[in-house]
Amino acid sequence: MNRLSPFNVVSLTLGFAFLYLPMVILVIYSFNASKLVTVWAGFSTKWYGELLSNEAFLDAAWVTLRVAIISSTIATVLGTMAAYVLVRGGRFYGRTLFSGMIYAPLVMPEVITGLSLLLLFIGLGMDRGVLTIVLAHTTFSMCFVSVVVSSRLISFDQSLEEAALDLGASAFTAFRLVTLPIIAPAVFSGWLLAFTLSLDDLVIASFTSGPSATTLPMKIWSSVRLGVSPEINALSTILIGLVTIGVIAASLASKHAALRTKRDEQAAARAQ
């Protein structure tokens, strides 16, 4: 069994400190009683109360959450369909163009994506708001869902689906009752990834939003430009807590689903 060398221990410590020490400092100073974020004046939770009474931040948070849920759900449906076509569709006319269009947002700079979508919405005469942000986030997050689901479909035992077809199930029924439950952890992971990307996006939302819709990253960015306030620290602490809880819950759910899928596959293999 290999033991960690002093060099590896120091490297890991410095690496984790570089990643997480700023977050720890941010969380600590969110409970600072002073309005100056760099001067400690005692423990206080008043900035959380100030944050909860800030209508601008609350409205931006509601817009961000609504956009993230809607866009990630649509992106998951479209991304799963695209992944199924790419993996199970075989060779068809235009496959190269189709796959290129699916994966292009992965390597396309966000500035280019945001600008092109802005020009599209202007050309269509659409008023920029929640709808345009949802469409934009769906466009660039769908490809991430497609990649995640495709990797699971490639390793999927297709004989299980064929057995359902031999027993008289239609193609859609076999997909709904056999394929979808098995690839559900990958689909959920894709949804979670799309939700996180939408929640964190600033560049594309800046191009596609309007006066009636301001996302939380945009609100934070505009506030930070005038100076970091303790309310920003409190808001960031809440987001860190929510993300931590979400990651732990998603990990437990994915682990449980993977174990259940493995048991189902083993039971199906023994039944053959």
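In this text the structure is predicted, and so the values were computed from the model without any measurement. Along the sequence shown, residues carry numbers from 1.
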Interatomic distance, Leu26 atom CG to Leu21 atom CG [nearest 0.5 angstrom] = 11.5 Å

State, with a plain yes or no, whether a side-chain heavy atom of Leu239 is found less than 4.5 Å away from one of Leu216.
-> yes

Does Asp59 CG have over 12 foreign heavy atoms under 6.0 Å away?
-> yes

Do you know which two heavy atoms are closest between Pro181 and Phe175, and how far apart they sit?
-> CD-O, 4.2 Å

What do the steps show when you test Asn32 against Ser44 for side chain to side chain contact (heavy atoms under 4.5 Å, CB included), and what is the final call?
-> CA-CA 6 Å; Asn32 185 13; Ser44 175; over 6 Å; no

Go through Ile182 and Arg152 one step at a time and tell me if the side chain to side chain contact (heavy atoms under 4.5 Å, CB included) criterion holds.
-> CA-CA 9 Å; Ile182 294 177; Arg152 182 64 184 92; 3.2 Å; yes

Verify same cluster id: Leu106, Leu197 (apolar side-chain graph, 4.5 Å) | yes

side-chain hydrogen bond (donor to acceptor under 3.5 Å, both in side chains) partners of residues 9-22, not counting sequence neighbours, each pair once | none

Would you please name every residue forming a ring-ring contact (aromatic ring centres under 6.0 Å, His included) with Phe144, sequence neighbours left out?
-> none

Where the side chain of Thr138 meets the backbone of Val134, is there a donor-acceptor pair that is under 3.5 Å apart?
-> yes

Is the backbone N or O of Met142 less than 3.5 Å from a side-chain atom of Ser146, with the two atoms forming a donor-acceptor pair by type?
-> no

Determine whether Phe195 and Val203 fall in the same hydrophobic cluster, where Ile, Leu, Val, Met, Phe, Trp and Tyr are linked whenever their side-chain heavy atoms lie under 4.5 Å apart.
-> no

For Ala205 and Thr215, which heavy atoms make the closest approach, and how far apart are they?
-> CB-OG1, 4.0 Å

pair Thr214-Ser209: side-chain heavy atoms closer than 4.5 Å = no

Do the non-hydrogen side-chain atoms of Val24 and Tyr29 ever get within less than 4.5 Å of each other?
-> no

Roughly how far, to the nearest 0.5 Å, is SG of Cys143 from CE of Met108?
-> 10.5 Å

Taking C-beta and beyond as the side chain, do Asp201 and Glu110 meet within less than 4.5 Å on heavy atoms?
-> yes

Run the side chain to side chain contact (heavy atoms under 4.5 Å, CB included) check on Ser141 and Leu193 step by step: do they pass?
-> CA-CA 8 Å; Ser141 61; Leu193 178 60; over 6 Å; no

Smallest separation among heavy atoms of Ala68 and Ser71, with atom names | O-OG, 3.4 Å

Within a strict 4.5 Å, meaning less than it, do heavy atoms of the Thr132 and Asp127 side chains meet?
-> no

Evaluate the side-chain proximity of Leu202 to Ile220: yes if any heavy-atom separation is below 4.5 Å, no if none is.
-> no

Tyr84, Ile154: one ILVMFWY side-chain cluster at the under-4.5 Å cut-off?
-> yes

Over all atoms of both residues, closest heavy-atom pair of Gly190 and Val145 | O-CG2, 3.4 Å

Pairs where residues 113-140 contributes a residue and the test ring-ring contact (aromatic ring centres under 6.0 Å, His included) is met, not counting sequence neighbours | His137-Phe140

Sorted by chain and residue number, the side chain to side chain donor-acceptor pair (under 3.5 Å) partners of Thr208 (sequence neighbours excluded) come out as none

Rounded to the nearest 0.5 Å, what's the gap from CG on Leu118 to CD1 on Ile204? Could you check?
-> 12.0 Å

Between Ala186 and Val149, what is the shortest heavy-atom contact and its length?
-> O-CG2, 4.2 Å

When clusters are formed by joining ILVMFWY residues with side-chain heavy atoms under 4.5 Å apart, either directly or through shared neighbours, do Leu115 and Leu124 land in the same one?
-> no

With the 4.5 Å side-chain cut-off for hydrophobic clustering, are Phe43 and Val27 part of the same group?
-> yes

Using the side chain to side chain contact (heavy atoms under 4.5 Å, CB included) rule, take Met126 and Leu120 through it: C-alpha gap first, then chi angles, then the decisive distance, then the call.
-> CA-CA 9 Å; Met126 296 180 61; Leu120 174 65; over 6 Å; no

Output the distance between atom CG (Leu242) and atom CG (Leu199), rounded to the nearest 0.5 Å.
-> 9.0 Å

Nearest 0.5 Å please: distance from the CD atom of Glu231 over to the OG atom of Ser223.
-> 8.5 Å

Residue pair Arg176 / Thr173, side-chain heavy-atom distance below 4.5 Å = yes

Considering non-hydrogen atoms only, spot the tightest contact between Leu51 and Ala234 and give its length.
-> CD2-C, 4.0 Å

Compile the donor-acceptor pairs under 3.5 Å between side chains in residues 73-82 and protein atoms, sequence neighbours left out, one pair per line.
from  : atom 1 : to     : atom 2 : distance (Å)
Thr73 : OG1    : Ile69  : O      : 2.7
Thr73 : OG1    : Trp191 : NE1    : 3.2
Thr76 : OG1    : Ser72  : O      : 2.6
Thr80 : OG1    : Thr76  : O      : 2.7

Side-chain heavy atoms of Ile133 within contact of Arg128, under 4.5 Å | no

Point-to-point distance, once rounded to the nearest 0.5 Å, from CD1 of Ile112 to CG of Leu117 | 11.5 Å

Give every residue pair that meets the ring-ring contact (aromatic ring centres under 6.0 Å, His included) criterion with at least one member in residues 46-76, sequence neighbours excluded.
-> Phe31-Tyr48

